[in-house]
Each structure stands twice: as C-alpha cells, then as structure tokens.
Amino acid sequence: MSCMDNKRILIVEDQEDIADLLKLHLSDLGAEVTIAADGHAGMRLSCAKKWDLLILDIQLPGPSGLEICRSVRRNGQYVPILLLTSRSSELDRVLGFDIGADDYITKPFSVMELIARIKAVFRRMDAIDKTAPPSQDIIRIGSLSIDEKLRKVELKNSTIELTAKEFDLLRHFSAQPDRVFRRSELLDSVWGYGHDGYEHTVNSHINRLRAKMEDDPNNPSIIVTVWGVGYKLDSSKVPQ
Amino acid sequence: MNLVHNGFMRTFSTRLSLALVMIVVAVGIGVFVSSQAGMRSYYEEFNQKLNSSIAMYITGEYQLIQQENDTINQEVLTSLAQTAMVINPGVEVYVLDTAGNIIGHNFPVQSILHNTIPLQPLLTFIAGSAQYPFRSIDPRHSQLEKVFSASEIRNDGVLQGYLYVILGGEVYDNIEDGLNNSTSRTMVFISILVIVLAALITGIILFRVLVRRLSHLSQRMQSFTDTELNLFGLETNINDDAAPKDEIDLLTSTFEGLTAKVTEQFTLLHEADNIKRELISNVSHDLRTPLANIQGYLETLLIKNSTLSEPDRLKYLQTAMKSSRRLGLLISDLFELSKLESNQAQVNIEAFSLAELIYDTVQEFQLELDTKKIILEICDSQNNTQVYADIGLIQRVFENLIRNAIAYTPEHGKVVLRIEPLLKNSNRDLKVSISDTGRGIKEEDLPHIFDRFYSNSDRSRQDVTSTGLGLAIVKRILELHDTKISVDSRPDQGACFEFSLSTQAA
C-alpha cells in the first residue's frame with residue numbers, strides 16, 4: 001500500500017536534474033507531481049491550489065524557499081512543507097528560527113531517506129486528522145498545569161515562561177508521565193528532525209526546562225535522567 | 001579618553017601658547033637689555049664723533065705748554081678748564097707729556113687715579129684710524145674707559161706732549177646713575193612691553209585657530225577607534241594607562257594603535273589565506289580519489305553496458321555508490337573543519353551535564369557496539385557535574401572519538417569513558433578520557449594524528465568511514481574551548497585520549 005496515492009505534490013527546485021529525480025520516484029509511488037522552476041512560479045502555484053505536500057529548495061531565483069514557506073504559513077491552511085538545503089548557513093537559519101517547515105533535508109541526500117521522510121510526514125498528517133480532540137485541554141500533574149489551547153504553563157501557582165519548543169517538549173513528557181523517552185525519540189516527536197548532529201538540541205532544551213522549573217537544576221527531580229536510557233517526567237516529584 | 005578632563009593646562013594649544021609666551025618675554029627682555037647697552041654705546045659714539053676735533057681746536061687756540069721749558073702753562077689750563085665747565089661740563093682736559101704721563105689738569109690731586117695714560121690709543125685716534133666709539137682710561141675712574149678726543153701739542157713743529165680730553169667725565173657718570181628713572185628709558189620699556197603683549201595675544205589666538213584643526217583630527221580618530229572600529233568587530237588595544245597629555249600624544253597613541261591593528265589584520269588575512277590555500281590543496285587531493293572511483297566505474301558501466309553480467313553491474317554500481325557516499329562525508333567534514341578554523345567561528349557556551357551528553361551520544365553507537373560486541377563503560381566520579389561548553393561541538397568531539405575507538409578496537413574489546421577532576425583537590429576543571437583496547441598508534445605517528453588527512457603509516461587498513469579529518473575537527477573544537485587534547489598510545493596496547501573542560505563560566 002502506498003500512502004502517496006493521488007497525493008498532490010509541488011516541487012519548487014531550479015536544478016532540473018534534482019527535480020526530475022524527485023518526480024521520478026514520487027510518481028512511482030503514485031503521487032501527482034508538479035514542478036516549478038523558480039521562486040516566482042513557486043509562490044504563485046503554492047497559493048493557487050490545495051497541495052498535500054510542498055518540497056521547497058531554499059536557493060531559488062526570485063523569492064527563496066524560506067519566503068515561500070513563510071507566505072504559505074501565513075495563508076492559514078496547513079500544508080506540510082519539506083525544505084531542501086545545501087548550505088550549512090541556511091541550515092543554521094532553518095534550525096535556529098523555526099521557519100515552520102515540517103522537516104528539512106540537506107543535499108546531497110539519499111533518495112531512500114527522502115522518501116522515508118516524506119512518508120513520515122504524511123503519516124503524521126493522517127494521524128492528526130484521525131485523532132479525536134483531547135477531552136481535556138489541560139494536563140494536570142500535581143501543581144503543574146499545561147494548557148494546550150492557551151499554551152500556558154503553571155507550576156506551584158505561578159506562570160512559567162516557555163519558548164514554543166520548550167512547551168512542546170514539556171507537553172510531550174507530561175502527556176505520558178513516567179514514561180522514559182530516548183533522546184532520538186524526543187528529537188523525532190517534538191522537533192520532527194531526526195538528523196545526525198542535531199541531537200544536542202534536546203540536551204539544551206532539557207537544560208533550559210530544568211532551569212525554569214526545578215528548585216535545583218543541578219539535581220533535577222522533575223525531569224530526570226534515566227542513565228543509559230533517556231529522560232522522563234517523574235510525576236511523584238512534581239510539587240503539589 | 002577625554003582631554004577636557006586633563007585640564008586646560010594640558011592641551012596642545014596651551015603648550016604652544018606657553019612656549020610662545022616664554023619666547024616672546026625672553027625676546028622682550030633681550031631687546032630691552034641690548035637696547036639699554038646699545039643706547040650707551042650709541043651715545044658714546046655720537047659724542048665722540050661730534051667732539052672728535054675738540055682736542056685739536058683747543059691745542060690750536062691755547063698755548064698749553066710753554067715753549068721755552070716744556071712745562072705746563074697753568075694759567076692757560078685753568079682758564080680753559082673754567083671755560084670748558086661753562087660750555088661743556090662733561091669734558092675733562094688733561095695734558096700729557098710725550099710718554100703719556102699726566103702733567104697738567106685742573107682737578108683735585110687725590111681724584112687722579114691713573115697718572116699714566118697708554119699712548120697707543122691716542123696715536124690711533126690722532127692718526128684717524130680709530131673706530132668709534134673708541135675708549136681709553138679715564139684718569140679719574142678706576143675701571144671705566146671713556147671715549148676721548150686727543151691731539152698733539154707741538155711748538156714750532158716739535159712734539160711736546162698730548163692733549164687728552166675725556167668726553168664723558170664724572171659729571172656724566174653722576175647724571176647717568178641718576179637717570180635710572182629716566183622718561184626715555186621708561187618709554188622704551190613700556191613700548192617694548194606693549195609690543196610683547198600684542199605679539200603674545202596675536203600669537204595665542206593664531207595658535208588656537210591653527211590647533212583647532214589638529215584637535216578636530218584627533219577627535220575624529222578618537223571616535224573612529226572607539227565606535228566605528230568596534231562595528232567591524234575590531235578592538236584596539238590603545239594603552240589608556242599612559243594617559244595622553246595632549247592632542248599630539250592622543251594622535252600618536254591612536255596612530256600606533258591603528259597601525260598595530262592594521263598589521264595584525266594583515267597577518268590574520270595572510271593566515272586565513274594560507275589556511276584556504278592549504279584546504280584547497282588538501283581538498284583537491286582527497287576528493288579526487290573517490291571521484292576517480294565514481295567516474296571510473298560509471299564510465300565502465302556506460303562502455304560495457306550491454307555486455308556486463310548482472311552481478312558485475314551491481315558490484316560496479318555499489319562501488320560507485322560507496323565512493324560517492326565517502327565523497328559526501330569528506331565534503332561535510334572539510335567544510336565543518338573550515339568553518340571551525342575560520343577566525344569567525346562561534347562557540348555558544350552554556351552549562352550542561354557532561355555525563356548526560358556522553359550517555360546520549362553513546363546510545364547512537366549502540367548498533368555498532370553490539371555488532372562488534374564491544375563493551376563500553378562510562379565512569380563518572382563527579383556525580384553529574386555541570387560543565388560550561390558548546391553542547392553541539394562537544395557532542396561532535398565525543399562522536400568522533402567514540403567512532404574512532406570502535407573502529408580501531410577489535411571484536412570483544414572494551415572502551416572506557418572516564419570523567420575525573422583535573423587536579424586532585426579542585427573541582428574547577430574536569431578531565432575526560434577515552435581509552436580503548438584497540439590496536440594502538442605507532443610512536444612515529446603520535447605527533448601527527450591530529451593533522452588533517454594524516455594517514456598512519458599502516459595504510460593497509462583504510463577505514464571507509466574515516467575521512468582523516470575526525471581528529472583534526474576534535475582538536476580544533478577543543479582549541480576553541482581553550483583546551484587541548486592529548487593522546488597516549490602504544491602499538492597493540494590501545495589508545496587513550498584526554499582533554500579537560502571547565503566547570504565554570506569563563
């Protein structure tokens with residue numbers, strides 16, 4: 001079963017060889033692929049129809065893939081976006097500024113890996129559509145309350161200021177308290193980027209979360225390390 | 001650095017002004033003094049010129065020496081003296097004999113202090129070759145010489161003696177002393193003073209105007225070094241300790257700071273250039289090898305496409321694929337190293353648990369560890385102390401070192417990661433060591449393993465995953481953290497890599 005049957009995919013890439021390569025493989029899997037060869041055409045086409053996936057190269061004549069990504073996000077309707085990057089400076093920007101893309105892949109890439117990533121994106125999209133909305137919008141553990149709608153966190157009756165990714169990470173822990181997550185799982189679930197070399201960002205974010213929530217960040221009790229396995233939220237240690 | 005703080009006294013224009021004051025005052029005093037001295041001399045010269053013939057007239061008019069016996073005609077002399085007193089009180093008359101001795105005068109005897117007058121000056125005067133003012137001894141003065149007039153006394157052509165007329169005698173001395181408050185002298189003094197003041201004021205104003213351009217320049221240089229240079233991310237080490245005293249000092253120190261900076265920048269540029277050149281030459285060599293494979297095998301496939309057996313075709317394609325992956329790894333590593341080595345490499349220091357990072361990084365290698373059945377042990381004697389470093393870069397360090405350890409250790413081997421304090425009783429720095437039971441490193445290779453692309457002398461075991469840059473990247477990352485990596489190894493006795501990290505923010 002191919003989960004790409006009849007999916008409409010727009011590829012914005014000025015390098016003909018790469019665009020053709022992608023089209024070849026995705027068409028084999030049943031998708032309907034359209035190619036735009038520059039930023040202007042890409043910008044136009046991305047708004048013209050409803051797409052199931054956008055694959056955007058960052059370096060383009062005319063508006064860049066990042067600009068197209070931003071404009072699509074502003075338009076409201078959610079379309080999964082995958083960015084192709086070839087320069088590490090672009091990569092830093094993509095990772096640093098949370099452009100809103102669902103995933104990214106660097107050139108040169110393995111075609112198999114790209115296909116796997118695209119399939120994963122579709123899987124996530126389908127899962128979101130099929131899941132019923134949670135009965136509670138607020139997760140409560142002890143005195144910790146996480147409001148998913150308002151994206152607000154309170155601990156011991158005072159609000160904690162968290163960045164978007166810190167919030168997502170805490171929510172992921174709290175949705176399944178006491179469950180141990182490996183670093184790679186967290187990276188995949190919270191960031192969606194399961195890439196080599198970027199895993200340290202999980203450590204950074206856990207650090208920062210601890211600094212904001214723990215009484216003694218050097219000896220954390222809420223978000224604990226399970227040595228050799230991963231991290232978990234210890235529900236028994238959350239202050240009441 | 002603000003010159004205003006250093007006070008009015010220290011600016012360049014003040015110094016110039018002070019110098020001007022000193023010079024002008026010195027000049028004024030000099031002029032005054034020399035004019036005073038000159039005045040006297042001028043007067044004497046004038047006097048002598050005017051009255052040079054007086055002696056001659058007198059000898060012509062009066063018979064001062066008796067013709068018969070060569071003695072003084074005292075009556076004539078007395079009458080002459082009285083006449084002279086009336087007409088020109090400053091004139092003092094003496095009659096000399098042919099040897100220069102005074103034989104006749106009209107003064108109290110005790111007031112004559114010199115009884116003999118040297119003849120040579122008289123003779124010079126009489127000959128007319130004297131240069132005025134021409135002075136000689138004043139018989140009534142112990143030291144001073146005066147201008148005089150002189151002539152021969154002849155009777156019927158026979159020289160009987162000389163007439164010696166002092167033109168500025170005692171009376172003059174008295175009056176002169178009394179003239180210390182003379183109007184003329186005061187006038188001269190005042191006019192010199194006025195001129196001096198006028199010159200000073202003009203000079204000071206002029207200097208101020210001229211120096212203003214200088215202070216504008218020095219202010220501009222100041223603001224350049226303080227603000228604009230910092231925009232470029234360059235800071236100068238202008239030495240503020242030697243507090244500049246004025247605009248010139250400021251300009252000098254700024255100039256020196258800037259030239260030092262420029263030299264430094266040129267050196268850095270040169271270095272960056274060298275690094276680039278080295279990179280290009282290394283890249284050129286090491287990229288060509290996998291490229292040669294890719295090209296070779298793909299070309300072969302093109303040429304022999306129809307005649308190739310399926311297994312062979314597969315084999316060639318796989319070789320090309322393997323080489324192309326290697327090329328990709330190489331390029332990534334090369335650019336990573338190049339970015340790290342550039343002078344703009346950024347390190348984001350934050351506090352994190354070193355042990356956590358190690359455990360998480362090791363997890364990624366679990367598959368390889370299991371495949372080769374290598375045991376990896378982590379010993380943390382520090383109970384999860386936090387260190388200050390760049391998480392991403394240190395993760396890379398561990399990845400490279402662990403990957404190497406696994407690659408060089410045979411099956412059923414062991415790798416140990418240890419965290420210990422660097423110094424026995426201090427928690428300030430932590431020492432991290434990775435040791436393996438692998439095949440070790442030869443002594444001659446040891447100093448070079450951190451160089452780029454260094455292949456050990458044992459070329460037969462080329463590891464496909466090794467790009468030759470792993471250790472160079474590790475070394476560079478640790479350099480960026482102000483620390484070094486060391487290695488200890490013997491062939492077949494494994495290798496142990498050590499480095500330290502700080503537990504305190506820089």
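Every chain is numbered from 1 and lettered A, B, ... according to where its sequence line falls, protein lines coming before strand lines.
Using non-hydrogen atoms only and a strict 4.5 Å limit, no part of residues 290-300 of chain B faces chain A. Proximity to chain B among residues 167-178 of chain A is not found for any residue, judged by heavy-atom separations below 4.5 angstrom.
Ring geometry for Phe497(B) versus Phe450(B): interplanar angle over 60°, hence perpendicular rather than tilted (30 to 60°).
The shortest heavy-atom contact between Ile394(B) and Ala389(B) is CG1-CB, 3.7 Å. In this structure, Ile222(A) and Lys237(A) approach most closely via the heavy-atom pair CG1-O, 4.2 Å.
One finds a salt bridge joining Arg313(B) and Glu310(B) here, because a Lys/Arg side-chain nitrogen approaches an Asp/Glu carboxylate oxygen to under 4.0 Å.
Two residues are said to be in side-chain contact when any heavy atoms from C-beta on lie closer than 4.5 Å; Asp188(A) and Phe181(A) fail this criterion. Side-chain contact between Phe398(B) and Val432(B) is present, with heavy atoms from C-beta onward closer than 4.5 Å.
For Ser332(B), no part lies near chain A; criterion is any non-hydrogen pair under 4.5 Å. Using a 4.5 Å cut-off between heavy atoms, Ala355(B) contacts chain A through both its backbone and its side chain.
Considering Ile115(A), Leu21(A), Leu53(A) in turn, Ile115(A) is the only one that fulfils the side chain to side chain contact (heavy atoms under 4.5 Å, CB included) rule with Leu26(A).
For His25(A), there are no ring-ring contact (aromatic ring centres under 6.0 Å, His included) partners, not counting sequence neighbours. Under the side chain to side chain contact (heavy atoms under 4.5 Å, CB included) criterion, Arg208(A) pairs with Glu166(A), Ser204(A), His205(A), Glu350(B), not counting sequence neighbours.
Of all the listed residues (Gln386(B), Glu356(B), Arg325(B)), the one sharing the greatest number of non-hydrogen pairs under 4.5 Å with chain A is Glu356(B).
No more than 12 heavy atoms of other residues, nucleotides or ligands lie within 6.0 Å of CZ in Arg288(B), so this atom counts as exposed by the packing criterion.
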